[in-house]
Structure formats: C-alpha cells, structure tokens
Amino acid sequence: MERKAQVVDADYETEGGEVTVRAFCKTEEGKDLLVKDENFKPYFYAVPERDVEALREKVEEERPFREEGGGEELQILEVEEKELIDGNEEVQVLKVSTSVPANVPKLKNRLWDLEETEECREFDIPFYRRYMVDKGLRPNKWYSFSGDSFKARGIDEGLKVESIEEREQGSFEWDMLAFDLEVYEDEVIMASLYGKEYEKLLTTAEIEEEYVETVDSEKELIQRFVEIIEERNTDVLTGYNTDEYDFTVLRERSNEYGIELSLGRDGERMKFNRRGRFKGARLKGRMHLDLYPFIQHVLAPGIDSETLDLDSIAEEMLGRNKDEMSWEEMKKSWENREGLAEFARYALKDSELTFELAEEIVPQITELSRITGLIPFDTCRLTYGQLTENFLIREAHLRDMLVENRPSQDSRRKRQRQGAYSGGFVYTPDEGLYEDIVTLDFRSLYPTVMVAHNLSPDTLNIEECEEEFEIEKFDYSFCQDGQGFFPELIENLVQDRYEIKSEMREEEKDSAEYKALDNEQQAKKILANSFYGYLGYNGARWYSREAAEATTYMGREYIEETIEMAEEDGYEIVYGDTDSVFLKKDNIKQDIDGFLEKVNSELPKFMELEFEGFFKRGFFTSKDSGEGAKKKYALIDEEGKMKITGFEQVRRDWSPIAKRTQKEVLRKVLENKVDRAFEVAKDNVEALKDGEVPIEELKIYTTLTKPPEEYDSTSPHVEAAKKAKKRGKEIPEESTITYVITSAGGSISDQAEILEYAESYDADYYIENQVIPAVLRVLKVFGYTEGQLKGKGRQSGLGRFQ
DNA sequence: CTTGACCGGGG
DNA sequence: GTGTACGGTCAAG
C-alpha cells in the first residue's frame, strides 16, 4: 500500500537482537499511521591511522568483538569503505554496521583501541535521528510511504516501509489541547483543558459552571484526564512547564494509585526522557510540547520580559494576562469552599492562555523541526546550540562530510578555561534625557560578518591557500578560496529568507499562507543567528574559538566605523551596543536615509545597516562612579510606548512598590515631566511613611531550596520560614517564600515574616532599601538626592534640567 | 578576582 | 541507552 503522511514522532524498538525504527505519522485524511522500518541498521565510522585497507584487515582478523569482560558478541553486519570529507580534506574511512543501536558505543570502543584506528566518528547520534537524517525525513513535510500493511495495535494503520518519496506540501490542522493542573497539599485538585471550542475543568469540588466536570476523587480525575486525551486523540498536548511540574505531579499521583498514564498513541505509558538537567514527558506518537523549555532555550533572547513566567510571556506575546489570584487566595478558596467559581475560572484561564500562546509558538516549533529535521518533541526541548548542531549534522550528511565528535568533558573544561574573548562594542552614554533619537542597527550583524569574511572552522589556517583573510591582531587566517561550511549555510538561509519575505508581500496579512511563510522566515532567522554563538559554545562539535573571536572582532570594527562616520556627518552619538547606534541631530528624520545609504554603499555584500526606530525621548543613567551606565536605558516612542532595558523593575526580589514606583518615575521622566517624577517618588515614600501602603505591595519573593533549618547562613526568607514553621504553618520544601519586612525585631532577618503573618511593615526598610535605590537610579541624574526624597513635606527639586 | 551554591518555570 | 547537556547571579572565600 501507499500512504501520504507526515512524521509526528519517531523512536525504535529492539526485539530478539533486531532493531525496528518506528515513525508515527499522520496521513492526509487525518488517520494515524505507524511506519516501521526493519532494514535500517546502526553504524559508525572508523578513521584509519594510515591505511584503510590495513584497518579493514585488522578488523576482519580481530572478529568477533565482544563486550568488555568477554560477554555478548557485538555483531558486525557490514564493513564498507567510504570516502568522506573531513574539515577541508578527503579521507578514506570504514563504515561499520551492527545489529542494535546499543552495540554502537561498545563496538566503537573496541575498534578505537586498535592501533590501526586513529579515531571513530558518528557513534553518538541517537538512532531515530540517524534514521531521519539518512532517509532525508523531516517532520512537517509530506512523504509517500510504500510497503506492506500490518495491523498496528491501537493505531489506525501500520505500514512496513520499503520506499519513501517526498511529496508536495499539503496542509493539515492538528488537534491541540492545552492543560494545566492545580495542586493543593500535593494533591491534584483541578485539571483544566482548553482546545478549539473546548473547555473543561475536572475537579473534585462541586462548582456550578458549564465547563466544570465534578469527579469523585483525585484518582478519577487523573483517569478522566487520560480518557479525554485518548477520546479526542489529541495530536498536540501542550502546557507550561509541564515536563518539570504537571507531569511530574501526575506521575507521582498515579503511582500512588497504581494507575497508568497510558497517554501514548498506542496506549504506551508516559515516560520521562532524561536529558541532563531536564526531563521531558514523552507520549509516544503524540506531540507533547512544553512551551517553557522552548521559550527558555530559543525565544528568550528576543523577549523583553526578564522573567519567563506564563503571565509575563502572555502579556508580551498576546497582550493578555492571567486572572489576578494569589496563591493565598486560592488556598483560602479551596479550604473554605468559597468563591470556587472564580478559582475555576482562574484555572481554566491558565490553559486558555497557554493554548493561545501555543497557537503562536507550536507552528514555530514544527517549522524548526522541518528545517533541523528533529522531531517536535526534541525541537521544543533542545537548547539553541543543540538545535543548530542537529541542523549542521543534517547539512554535513548531505555534503558527505564527516560529523565532528562531541568534545569530552575535559576538552570542554579546557575550552572554558581559555576564558572569554571580547564581545560586542558598547558605547558609554552620558547620563541624561535625550530628545528625538534615531536607532539604527546592522541586520544580522554576526551572520553577515561571517559570510563577508568567510569565517568558518573549515576555512581556518588552510596551508595551501591563495587568498587569505588575516586580522593583524590574531595569528591565524581564513582562506577565501572556496566558501566555508558555515558561510554557505548562512548565505543559503539568508537568501531563502529574502525570498520568503518577498513571497509574503504577495499574501494577505492574516492569511494562513502568510502565517506559514512568516514562521518559515522566523525559523530560518533563528538558525542563521545561532551559528556565531554555536562556534563559541564549549560543547560544540564544530567549535572554533578563532572563528567566533574573529566574528566579534569584525563586528566591533563595523560598528566603530559607523560611529566614526556618523560623527563626521555631524551626528551626536547617544549610545551604541554591539550592532546598534543611537543617534541625534537636528532634522534627523530627513537626513538619516542619506546617512544609511552612505554607510551601506561601503559595506561588503550581504551586510546592511538598517533604520530601527524613532524615539521621542531616551533616558540614560549612570553607575555609582558617575560614568554612564551601559545596557540600562529607557525609550519612549511617539505613541507613548516605553521600552525599558536593564532596570531592576521586573525582578522578583524587589517589592511591587519599588518596581511600580520605578516604572512610574521612568514614564514621567520620558514624558519630560521630571518634577512629576520626583513627586511620584515622593508620594510613594510618604505613603510608606504614613503606613498607607497595602501589605501586598511589600511582598518579596525568594525561593527556599531546602528545609529552613538546614541553612547555615541567615537570610530574611529563611528566618521568615522558620518563624512561620514554629507557628505551626506548613512550609513545603522548595517553596517560594513570600515575605514582608515588619517593624518588629532587631535585624532585617528578625523582622522578616511571611506574608500571611505580616501585620506591620518597616517603612524605613522599604524606603531606604527598596523604593529609594530603585527611583534614585533615575532621579539622581536630575540632581535629586536621597535627602530630598526622604525630606518632610514637598519641595521642588533643584535638578539641572529645570 | 575566583570559586561554589543557587536558581529558573510550576502550585 | 549511538545516555546525561545550561547560563547567569550573588555571596563567600
């Protein structure tokens, strides 16, 4: 039979010393298809010390190889000579195939021990990824699979694949469901699910709401949850931090009841895949896509918010927020069975926001899956560097290049010990308020620099080279004769992006086609921008400190050159960081295009300086030394939208009163109302002094990582937790302590009480240690002092800007 | 200045 | 299981 389908998930199974690759697919008609391949065998390469023939003979002679201690035979199915490219030269290698993936690392050790072997390569590529790479299979693309059918348990159809052919893109809509748990005293009390035209809240409480389904027990709640996913046959299950939290809780609770989380497409139970510090909850055949790791690893650099909690991310990406409900309120509601409808709405809202975020993010994940070829499960959990690396592995395979080995822990440490090389150039601003600023930035500075100068691990220090690019400062060179691996990939990605962008102009802005193109363009941008960081990442297979260092060096050259040109043309340089400059001049709006043209005419092909934005005002502060502070500024555009960088107003160890006051002060300053800014600060200080500030505004969060008694050092949150414990309050391990500095006690730690026991607050503490430092960071620039903020009554400032 | 512990998200 | 890998901040040394 023949089926047109796309791959959703992949793994392999071994039985009786034979391996079968499984690709879980979705057909055009929306049916589940399990594709099995029994003919693909695990392999790796052995690079000979001198002669490939000699190595081959030695291998034949030494056969059979056994596990360490003389256990099972490590079967060699085939030994094949191959010619591959290693760096910039061609090498003869042996391709050694074996029966099961688990043999590969063992067999590679045996062969590497031979004198005739220089090294082994490509022995640590997970088998299902190896399969996808070698077969050219990528998720989110259509293929025609042909072969005999078989009956697959729990899945619509099974196919033993004989041939695979690429097919034209089709479109398909996944059934997506977002979920979220509410947990109270280690028990699941609510589970919310949100999908297209679907909202459901499972809970053990009686709540009169349409979407609520009351169950008898926690056990039943979990069983219903599993049932719903099975019934809907959900393709994409999503959530926020579901790997580390929700599924961890679900696993513990279902173990408690002896029930199985049979959430796989074929009924297989949920399994945690450990990957270093993280674990991923894997539901075979379905895409369980936890948004948090993807945001953390991939999207974070492009996110303004300093915290990555659901509320901030939803605010930034959707312009929506979670319902206002504190942990205290939820507990109270549950304990007293009061206002449960509100609690239920809150719980559902979490799933709803997650779902809406997923509608934006999941297409980005599946798009990246298509380019890197990784299954979505991996794409959404791997770090930036690992995504890049999997793309590189695929591209290397297409070019018959040998993949570099992963560095050992030892060489990673060595790379790290080498220390950092210089990064981007940052122009030290003068503190103050500036009007009418234009910001310019280099489009993809590092990628374009790498292309412009052919910076790549495989162009570094080539002996036989006609044209070299040398940087005086460094004792290495990059060969310009042929295009390097990295520049070629970047150029392709940038070129593709350019074409996609022009295609986008032909489409309606909110059409599905436009969205799809936008995601593709976005994914290519993410990848193109990742190469520079990858080269300097100590865990990289294609690590090249030289190429990374040369990239930032040339980046600095270009930005400094731009600044020089701007000065020559009479611009005032306000600020600049890595790839951007902030300029000021009379009639800047008219003149800036001419300046851009001039700079761009002198740049190498592919590099481009672009207009980024026009800002009505910009504010820059200074360090304690009085020198202008780098990376700490606020801008306001003509619509009154603020862009705040580097200020502490979003950090959780600052109280709401300090953060809010700082933000209001910044806004007033940017509106050119410095007097009002001072008054705002002063009003808040006064309110604190008069005891008018609600305790809620004074809470500070710090996370407790072990039981409070185990801490050697004293700190406010630990002391607050200890005292609360003495009062009989349960303080779970690893909980976030919300505390307030009260007016009772000697030291700050003595004064700390958790929020619910705080009946007073230490006005001086909040004035001196929270509000004043936060606002003074802004107001000192205008000559205001701590004394004026604390002084009685109202007096106008004597700032130099008035 | 270097080293080591802690932390993120979730309730 | 072709295991297993972060990166930044801050207090202490």
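Because only heavy atoms are used, hydrogens play no part in the values below, and waters and symmetry mates are left out as well, while side chains stay in. Convention: sequence-line order gives letters A, B, ...; per-chain numbering from 1.
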### Query
Is there a donor on the side chain of Arg277(A) or the base of dG8(B) sitting less than 3.5 Å from an acceptor on the other?
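Answer is yes: a donor-acceptor pair is held.
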Atom [atom1] of [X] and atom [atom2] of [N]: how far apart are they, to the nearest Å?
X: Gln296(A); N: dA5(C); atom1: CD; atom2: P; value: 17 Å
X: Trp334(A); N: dG11(B); atom1: CH2; atom2: P; value: 15 Å
X: Leu382(A); N: dG3(C); atom1: CG; atom2: C1'; value: 14 Å
X: Gln416(A); N: dG4(B); atom1: CD; atom2: P; value: 13 Å
X: Asp246(A); N: dG10(B); atom1: CG; atom2: C1'; value: 7 Å
X: Gln386(A); N: dC6(C); atom1: CD; atom2: C1'; value: 9 Å
X: Leu250(A); N: dG11(B); atom1: CG; atom2: C1'; value: 13 Å

With sugar-phosphate meaning primed atoms plus P, OP1 and OP2, does [X] contact a base, only sugar-phosphate, or nothing at under 4.0 Å between heavy atoms?
X: Phe123(A); answer: base
X: Ile295(A); answer: nothing
X: Asp309(A); answer: sugar-phosphate
X: Glu185(A); answer: nothing
X: Arg129(A); answer: nothing
X: Asn109(A); answer: nothing
X: Arg121(A); answer: nothing
X: Leu308(A); answer: sugar-phosphate

### Query
Quick one: do Arg381(A) and Asp243(A) make a salt bridge, cutoff under 4.0 Å?
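Looking at Arg381(A) and Asp243(A), the cut-off is met.
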### Query
Is the shortest side-chain N to carboxylate O distance from Arg129(A) to Asp378(A) below 4.0 Å?
yes
### Task
For dG1(C), take OP1 and OP2 only and decide whether either is under 4.0 Å from a side-chain N or O of Lys271(A).
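Result: no.
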